[in-house]
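Scope of the values below: all heavy atoms of this structure, side chains included, with no hydrogens, waters or symmetry mates. Note on naming: letters A, B, ... go to the chains in the order of the sequence lines (proteins, then strands), and numbering restarts at 1 for each one.
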Amino acid sequence: MALVLTEEQSMLRDSARGLISDKAPVSHLRSLRDNKDPTGFSKELWHSFAEMGFAGLLVPEEFGGSGLGFVEAGVVMEEIGRTLMPSPFLATSVVAASALNRGGNAAQKSEFLPKISNGSLLATLAIDEGAKHRPLQTSLQAVRAGNGFKLSGAKALVVDGHVADLFIVAARTAGAAGEREGLTLFLVNPKAKGVAIERTIMVDAHNAARIELANVEVNADSVLGEVDQGAALLDGVLDIGRGAVAAEMVGLSEEVFNRTVEYLKNRKQFGKLIGEFQALQHRAAELYVDIEITRAATMKALQALDADVAKAASSVAVAKARAGTTATRAVQEGVQMHGGMGMTDQFDIGFFMKRARVCEELFGDANYHTEQLARARGY
Amino acid sequence: MSESEPADLEKFREQTRAWLEANCPPEMRKPVTSDTDVFWGGRNTKFASEPQRIWFERMRDKGWTVPDWPREYGGGGLSAAEHKVLRAEMARMGARPPLSSFGIWMLGPALLKYGNEAQKKEHLPDIAAGLIRWCQGYSEPNAGSDLASLQTRAESDGDDFVITGSKIWTSYADYADWIFCLVRTDPTAKKHDGISFILFDMASKGVTTKPILLISGYSPFCETFFDGVRVPKSHVVGTVNRGWDVAKYLLQHERAMISGMGERGVGRPLGQIAADSVGTDAQGKLDDSMLRGRIASFDVDEAALAACAERAVDLAKAGQAHPAFSSAMKYYGTELNKRRHEILMSAGGVNALEWESERSRQGARPRAWLRTKANSIEGGTTEVMLGIVAKRILDLPGA
Ligand SMILES: Cc1cc2nc3c(=O)[nH]c(=O)nc-3n(C[C@H](O)[C@H](O)[C@H](O)COP(=O)(O)OP(=O)(O)OC[C@H]3O[C@@H](n4cnc5c(N)ncnc54)[C@H](O)[C@@H]3O)c2cc1C
């Protein structure tokens, strides 16, 4: 498969870009932040998203979705990255939809997927517990109780946790933290007794929450996939999320880069455009190459996911590691080359820097994925 | 990904794989580690081994020394998609290129675009069949990065040009049969407007070469002197005084070739080579955590660059490539290759320092390491590549 967008994918990109740049430029995020918006995203915009078929992009047609692939999801994520639009797309339409689609039984699919498609249900994956992304370190306990389970423990950084209608919680039904065996995914109603949710206002002004579960009762129907065998399902779902976040970081990096190059072409010092200085030209050129390489690696990972999620791990690790490093470099150079302007809140560049930091931590940073690749290659 | 491949391409993949499996000798599936592992062709050529000969001849007979050239010029006539499949299948089994040649990488593409029919018929089939070895006469002592300031003169004399001057850094000039050369045909015109691109036989009267010893201990290139060399005017490629267009087009191909030189994806993973050398800990991890980290981030960048190289081909095929993109790839590929060899030296430790011994195959590793230091100089330096990206792709203002 060629590493260029097909005509249909380019059309999808154009329509996503049209909507997002029109309705949710960076000023949209800024005003949500400044007004301390309780929801943290625009519901109206989310409905337009759903009407255009984006909310159910990955949901099969039989459940009311568009049945498209991960390359298409990446196309939308990239546009989201360009304007930093806060949106339930990643948590609900990419990660949760994939978890349900891949792990759900017939009843679970027909209950939740149509609602995801029409935009009426928000869902999210609750996984990380410690400071760093370590899926196998999951220690939130699920103990058998009667016909179901009781869940106790805490999760940090649950994306959209305070607005979600459904949590997909990674829990330990057996084994000890660090082991692959004994992980199980549960569908948990955020309104269930014993669930405490704290919205965490984050550096990037996007939505996230910490959640605590104290003896939360769920019945046996709430298990997603197989008891004790959740790791494989989780691997695939996380890789899908990683590919999507990498795409968001490509969009973010490119946008910050374009803004920086524009600045180099307009700002004068010493009687010259600063873009005439070779020291800056070369750094800009290096960054351009970095972004192009990362874009290719990300497309490769998304295509690999479309071909076979189970075989995409190494490509995804490469993409997420590269995207983290490149986005970090892009925002740092962006701020630096804008000089004092880059440090002002009034200027948008800082928003990109903050979002890049969050994306870097989401689903594993560059170190994590570099380590994964080393292990896969056996050294 | 093969599910979405058109059926005929899928069939081509199967046939290609089967043919390669049956025809590529096992010895030709090992990574290239020394100069003699590479077959360059030419009038005085000798094969280093029987498998090298067999592999070359089989590939040549299929037109697969130049798979994407038209059949009438000795090529394989493959479409871009088929060529990609062939490359992927060769990489999968670690097959060596059957023939390395400046004719294939540089002159061929320029002739296909700018040559007249007679020139194509005369030269392309010989390049494809490895009969003539070419060298590149671009650089001069005072014209390196500033190539267009070259001074070698070609004066008109009836049907001939008479060429006088000297070139430097001419790789393999002492082994080459013919040269593609930039000469000044109009000294009064502006820098870029008086240059012509001309071909001639290195056996012509008045051509001499003198090898230059490098830090690697090899002499892969020469100073080249032209003392009144007579060359028919019909040997000019493209239009007289418009040679700069041909030169630039050829450079794009040269840069693309150099950026891909880093043995990517072939042979044992770097981490395992290092593990053999420095050992592993109880968990099987490389017993030098800093080195392991360096290798792993190298692997990430290398895999990402490989994706980008693949995408560059796909973009070109889709007509969406920026003509200066080869400069971007050249810059990154060569810096990465230097990094690779720095890591190999570090992994080898004291064993990689040996210079003259059988054990070290006459210092193959340090010599290769030293050779890669030229990657970011030859074919245009990293600084020049970054300048091209800044000005031509990013459209930053000229100084
Ligand atoms: C192994 C090898 C093989 C080669 N093979 C051939 C061959 O077969 N045929 C051939 O014709 N040539 C060949 N070359 C020559 C090669 O193309 C030149 O060496 C190269 O273009 C650089 O020119 P130079 O050596 O004169 O360096 P210079 O141009 O003198 O550069 C010196 C330094 O100044 C920097 N510099 C120059 N201009 C700028 C600028 N505008 N901005 C910023 N920095 C600048 C350069 O980047 C470099 O770091 C080969 C070189 C090598 C090393």
Exercise. Given a strict heavy-atom distance threshold of 4.5 Å, which part of F257(A) is in contact with chain B: side chain, backbone, both, or neither?
Worked result: side chain
Seminar exercise, completed: Okay, R375(A) and chain B: the region with an atom under 4.5 Å from a heavy atom over there is both
For this session: Decide side-chain contact (heavy atoms from CB on, under 4.5 Å) for E383(B) and Q278(A); before the verdict, give the C-alpha distance in whole Å, the side-chain angles of both, and the deciding distance to 0.1 Å.
Result: CA-CA 9 Å; E383(B) 290 74 20; Q278(A) 198 178 55; 5.8 Å; no
When heavy-atom pairs shorter than 4.5 Å are enumerated against chain A, which of [options] gives the highest number?
options                            : value
I388(B), D301(B), V313(B), L286(B) : D301(B)
A328(B), A275(B), S327(B), G284(B) : A328(B)
I393(B), T382(B), V389(B), V300(B) : V300(B)

So for atom [atom1], which belongs to [X], do other residues, nucleotides or ligands contribute more than 12 heavy atoms lying within a distance under 6.0 Å?
X       : atom1 : answer
K311(A) : NZ    : no
Q336(A) : CD    : no
N266(A) : CG    : yes
M93(B)  : CE    : yes

What part of [X] gets closer than 4.5 Å to chain A, counting heavy atoms only: side chain, backbone, both or neither?
X       : result
T280(B) : neither
Q283(B) : neither
K317(B) : neither
L270(B) : neither

Which atom of [X] lies closest to which atom of [Y], heavy atoms considered:
X       : Y       : result
R377(A) : A303(B) : NH2-CB, 4.4 Å
K265(A) : P397(B) : CG-CD, 4.3 Å
L396(B) : A284(A) : CD1-CB, 4.2 Å
Q272(B) : G378(A) : CG-O, 4.1 Å
V318(A) : A304(B) : CG1-N, 3.8 Å
L3(A)   : A307(B) : CD1-O, 3.3 Å

For this session: Go through the side-chain N and O atoms of D276(B) and Y379(A) and say whether any donor and acceptor fall under 3.5 Å apart.
Result: no
Quick check on the interface: out of [options], who has the most heavy-atom pairs with chain B under 4.5 Å?
options                            : result
L373(A), V289(A), L264(A)          : V289(A)
A374(A), A321(A), G275(A), A297(A) : G275(A)
I293(A), T370(A), T294(A)          : I293(A)

For this session: Starting at CG of L394(B), measure out to OH of Y288(A) and round the result to the nearest 0.5 Å.
Result: 7.0 Å
Seminar exercise, completed: One should read off an interatomic distance between R322(A) CZ and C308(B) SG, to the nearest 0.5 angstrom, of 8.5 Å
Answer whether the closest heavy-atom distance between the side chains of [X] and [Y] falls below 4.5 Å.
X       : Y       : answer
D290(A) : Y332(B) : yes
E292(A) : F325(B) : yes
Q281(A) : L386(B) : no
R311(B) : K300(A) : no

Exercise. Between R292(B) and E371(A), does at least one N-O distance fall below 4.0 Å, as a salt bridge requires?
Worked result: yes
